[in-house]
Engineer: 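Okay, here's the structure, questions in a sec.
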Amino acid sequence: MKSVDAHLAEVLATIRPLAPLEMELERALGTTLAEDVSSPVPLPPFDNSAMDGYAVRSADLSSIPVTLPVVDDVAAGSGELRAVGPGHTVRIMTGAPVPPGADAVVPVEWTDGGTASVVINRGASAGNAIRRAGEDVQAGEIVLKSGTVIGPTQLGILAGVGRRRVWVRPRPRVVVIATGAELVEPGNTLGPGQIWDSNSYTLAAAVRHAGGESFRVGIVGDDPADFLDQLDAQLVRADVVITSGGVSMGAYEPVKEALSPLGTVRFERVAMQPGMPQGFGVVGEDHVPIFALPGNPVSSFVSFVLFVEPALRKMKGLPVTPHALGRATTAGPLRSPEGRRSYLRGVLSSDGTVAPVHGQGSHQLAALATANCLIIVPEDVTELPAGTVVEVLPL
Ligand SMILES: Nc1nc2c(c(=O)[nH]1)N[C@H]1C(S)=C(S)[C@@H](COP(=O)(O)OP(=O)(O)OC[C@H]3O[C@@H](n4cnc5c(N)ncnc54)[C@H](O)[C@@H]3O)O[C@H]1N2
Ligand code: MOO
């Protein structure tokens with residue numbers, strides 16, 4: 001059997017980072033910056049007031065209280081500024097440019113709030129409540145480097161330096177196709193032998209969680225020709241395709257039957273539990289990568305975590321580092337099949353112990369939903385007593 005590590009290495013050798021494209025800022029959340037972005041101007045662009053109050057010459061406040069005539073009013077956005085001469089003051093609002101002559105701002109709370117003249121009850125030294133031009137960013141300074149994932153605050157600084165469009169590697173577009181004649185869309189009534197399709201929901205959500213854009217395609221039955229038709233129709237909008245089901249040894253395995261003859265998708269047994277049957281390769285003229293994941297709900301999810309998530313990172317242009325594993329002490333005994341690496345579903349507690357959830361079958365989706373980690377049991381280990389230190393992969 002092929003090792004988990006060898007399978008991941010083969011997947012990553014096929015996957016390429018998506019080509020950068022120029023995108024409207026509004027759409028750029030979750031994408032990866034593909035250029036260094038600098039500011040064309042200093043930020044703030046001009047000295048401005050940090051408070052609502054009065055712009056003064058600090059030397060005029062040498063004896064307190066002092067009454068000064070108010071010669072102007074400057075709101076944020078004011079373009080025309082009258083200089084503050086000796087013995088004068090100008091009423092100023094937060095964010096408004098500091099007029100020439102003034103070297104300090106006195107907050108309104110330290111005054112009687114007058115509009116024609118004002119009584120100032122407290123002194124202020126030069127620079128008080130003034131935000132200097134360039135204090136945040138110098139003109140020409142790089143504010144975000146290529147390779148940064150754009151979150152809300154990164155989007156904010158891009159707007160803050162005046163960008164409308166940016167070069168990014170987009171979020172991978174992932175088409176998710178569930179296969180199986182027994183599957184019914186949730187919300188519909190189950191007939192005999194039927195179950196609700198959960199995999200396409202889990203996988204599409206996992207894609208979004210990992211920073212991709214997912215398209216859940218309606219259920220495909222057990223006919224390989226129908227599957228190929230659906231796949232063909234979807235390829236135009238796919239950077240990657242994920243299918244679930246139809247890859248093992250049964251009489252009706254549409255994914256395997258449809259893709260095997262192409263010669264570009266390999267179906268193999270990977271030495272893991274769950275998730276042993278795996279298909280991976282490329283399809284269509286554009287060689288779109290396709291993950292043909294096993295149908296058991298826990299198997300398809302674990303396969304996503306181990307193989308698809310790193311592939312999406314690579315497509316986004318991010319470094320693919322090995323999964324960050326933690327260590328924990330087992331709260332109960334564990335079992336694992338000989339020769340396969342187990343990813344048991346567990347609950348990791350803050351005291352550093354990890355307990356396997358009740359229900360370790362590959363079909364036990366409810367048990368999976370209670371887990372917060374995968375407990376890794378190496379290939380050569382079949383039993384572990386309680387109290388053993390194990391590696392865990394947080395979910
Ligand atoms: N004779 C053998 N039988 C099986 C083997 C084997 O090596 N020899 N491998 C087993 C393992 S391990 C797995 S994993 C599964 C993989 O099966 P398939 O990928 O072909 O998936 P299906 O047969 O279509 O479905 C398996 C199971 O999962 C349920 N399922 C499928 N799709 C969904 C969905 N979208 N939502 C919810 N549940 C789904 C399906 O009803 C089946 O119960 O094969 C074993 N058999
Ligand atoms: O390898 Mo299967 O994935 O046990 O359920």
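Both ligands and their constituent atoms are indexed starting at 1 by order of listing. Bear in mind that the values here come from a model prediction, so they are computed numbers and not experimental data.
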Engineer: Polar-atom distance check: Gly246 versus ligand 1, any N or O pair below 3.5 Å?
Structural biologist: yes
Engineer: Counting non-hydrogen protein atoms only, what is the nearest one to atom 1 (O) of ligand 2? Give residue, atom name and distance.
Structural biologist: Met276 N, 2.8 Å
Engineer: Considering only heavy atoms, does Pro277 approach ligand 1 within less than 4.0 Å through its side chain, its backbone, both, or neither?
Structural biologist: side chain
Engineer: Heavy-atom pairs closer than 4.0 Å: do any link ligand 1 to the side chain of Lys256, the backbone, both, or neither?
Structural biologist: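 Answer for Lys256: neither.
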Engineer: Would a hydrophobic clustering, with Ile, Leu, Val, Met, Phe, Trp and Tyr connected at side-chain separations under 4.5 Å, put Val174 with Val241?
Structural biologist: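 Unlinked, Val174 and Val241 end up in two clusters.
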Engineer: Would you mind telling me if ligand 1 is within reach of the side chain of Pro297, the backbone, both or neither, using heavy atoms under 4.0 Å?
Structural biologist: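 Looking at Pro297 and ligand 1, just side chain atoms fall under 4.0 Å.
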Engineer: Please give me the minimum heavy-atom distance between Ser58 and Asp103, naming the atom from each residue.
Structural biologist: N-OD1, 2.7 Å
Engineer: Test your reading of the structure: does Ser299 have an N or O sitting under 3.5 Å from an N or O of ligand 1?
Structural biologist: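 Among all N and O atoms of Ser299, none is under 3.5 Å from an N or O of ligand 1.
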Engineer: Quick test: of every protein heavy atom, which one is nearest to atom 4 (O) of ligand 2, and how far off is it to 0.1 Å?
Structural biologist: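 Here the nearest protein heavy atom works out to Ser362 OG, 3.0 Å.
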Engineer: In this structure, does ligand 2 have an atom that sits under 4.0 Å from one of the heavy atoms of Arg340?
Structural biologist: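 Per 4.0 Å heavy-atom rule, Arg340 contacts ligand 2.
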Engineer: With distance as the sole test, does His323 use its side chain to make a donor-acceptor pair with the main-chain N or O of Val305 at under 3.5 Å?
Structural biologist: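 Indeed, once roles are kept as given, a pair shorter than 3.5 Å links the two residues.
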Engineer: How does Ser244 reach ligand 1, if at all, at less than 4.0 Å between non-hydrogen atoms: by side chain, backbone, both, or neither?
Structural biologist: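 Side chain only.
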Engineer: With the threshold set strictly below 4.0 angstrom, can you tell me whether any protein non-hydrogen atom sits that near atom 10 (C) of ligand 1?
Structural biologist: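 So far as the 4.0 Å threshold goes, atom 10 (C) of ligand 1 is out of reach of every protein heavy atom.
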Engineer: Heavy-atom contacts under 4.0 Å between Ile219 and ligand 1: side chain, backbone, both, or neither?
Structural biologist: neither
Engineer: For ligand 2, which atoms have a heavy atom of Asn296 less than 4.0 angstrom away?
Structural biologist: 5 (O)
Engineer: Does Ser362 reach ligand 1, in the sense of a heavy atom lying below 4.0 Å from it?
Structural biologist: no
Engineer: Check whether any side-chain heavy atom of Leu81 lies under 4.5 Å from a side-chain heavy atom of Pro97, and answer yes or no.
Structural biologist: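 With C-beta onward as the side chain, the pair touches.
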Engineer: Looking at Pro274, which atoms of ligand 2 are within less than 4.0 Å of one of its heavy atoms?
Structural biologist: 1 (O), 3 (O), 4 (O)
Engineer: Between His363 and ligand 1, find which residue part has any heavy-atom pair under 4.0 Å and reply side chain, backbone, both or neither.
Structural biologist: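 None of His363 does.
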Engineer: Return a yes/no value for Asp197: is any of its N or O atoms, backbone included, closer than 3.5 angstrom to an N or O of ligand 1?
Structural biologist: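 Asp197 vs ligand 1: N/O contact under 3.5 Å present.
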Engineer: Where do Leu259 and Leu231 come nearest, in terms of heavy atoms and distance?
Structural biologist: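 Distance-wise, the nearest heavy atoms are CD2-CD2, 3.8 Å.
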Engineer: Could you state the interatomic distance from CZ (Arg266) to CD (Gln278), rounded to the nearest 0.5 Å?
Structural biologist: 13.0 Å
Engineer: Among protein heavy atoms, which lies nearest atom 37 (C) of ligand 1, and at what distance?
Structural biologist: Ser198 OG, 3.4 Å
Engineer: Would you say Gly275 and ligand 1 have an N/O pair spaced under 3.5 Å apart?
Structural biologist: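 Min N/O separation from ligand 1 is not below 3.5 Å for Gly275.
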Engineer: Please check if any side-chain donor atom of Gln273 sits under 3.5 Å from a side-chain acceptor atom of Ser336, or the reverse.
Structural biologist: no
Engineer: Any heavy atom of Arg269 sitting closer than 4.0 Å to ligand 1?
Structural biologist: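 The answer is yes: ligand 1 sits under 4.0 Å from a heavy atom of Arg269.
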Engineer: Assess whether side-chain hydrogen bond (donor to acceptor under 3.5 Å, both in side chains) is satisfied between Thr94 and Asp52, documenting all intermediate values.
Structural biologist: CA-CA 5 Å; Thr94 305; Asp52 300 319; 2.9 Å; yes
Engineer: Where does Leu365 meet ligand 1, judged by heavy-atom distances below 4.0 Å: at the side chain, the backbone, both, or neither?
Structural biologist: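 Under 4.0 Å from ligand 1, Leu365 contributes no heavy atoms.
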Engineer: Does an N or O from Met276, backbone or side chain, lie closer than 3.5 Å to an N or O of ligand 1?
Structural biologist: no
Engineer: Below 4.0 Å from ligand 2: does a non-hydrogen atom of Gly361 turn up there or not?
Structural biologist: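 Heavy atoms of Gly361 never come under 4.0 Å of ligand 2.
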Engineer: For Arg132, is the CZ atom crowded, meaning more than 12 foreign heavy atoms sit under 6.0 Å from it?
Structural biologist: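 Correct, the count exceeds 12.
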Engineer: Applying a heavy-atom cut-off of 4.0 Å, say which part of His363 lies close to ligand 2: side chain, backbone, both or neither.
Structural biologist: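 None of His363 does.
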Engineer: Centre of Tyr201's six-membered ring, under 6.0 Å away, within 45 degrees of the axis: is that where NZ or CZ of Arg216 sits?
Structural biologist: yes
Engineer: With no hydrogens and no angle check, is any side-chain donor or acceptor of Tyr54 less than 3.5 Å from a backbone partner on Gly114?
Structural biologist: yes
Engineer: How far is atom 32 (N) of ligand 1 from its nearest protein heavy atom, and which residue and atom is that?
Structural biologist: Asn199 ND2, 3.5 Å
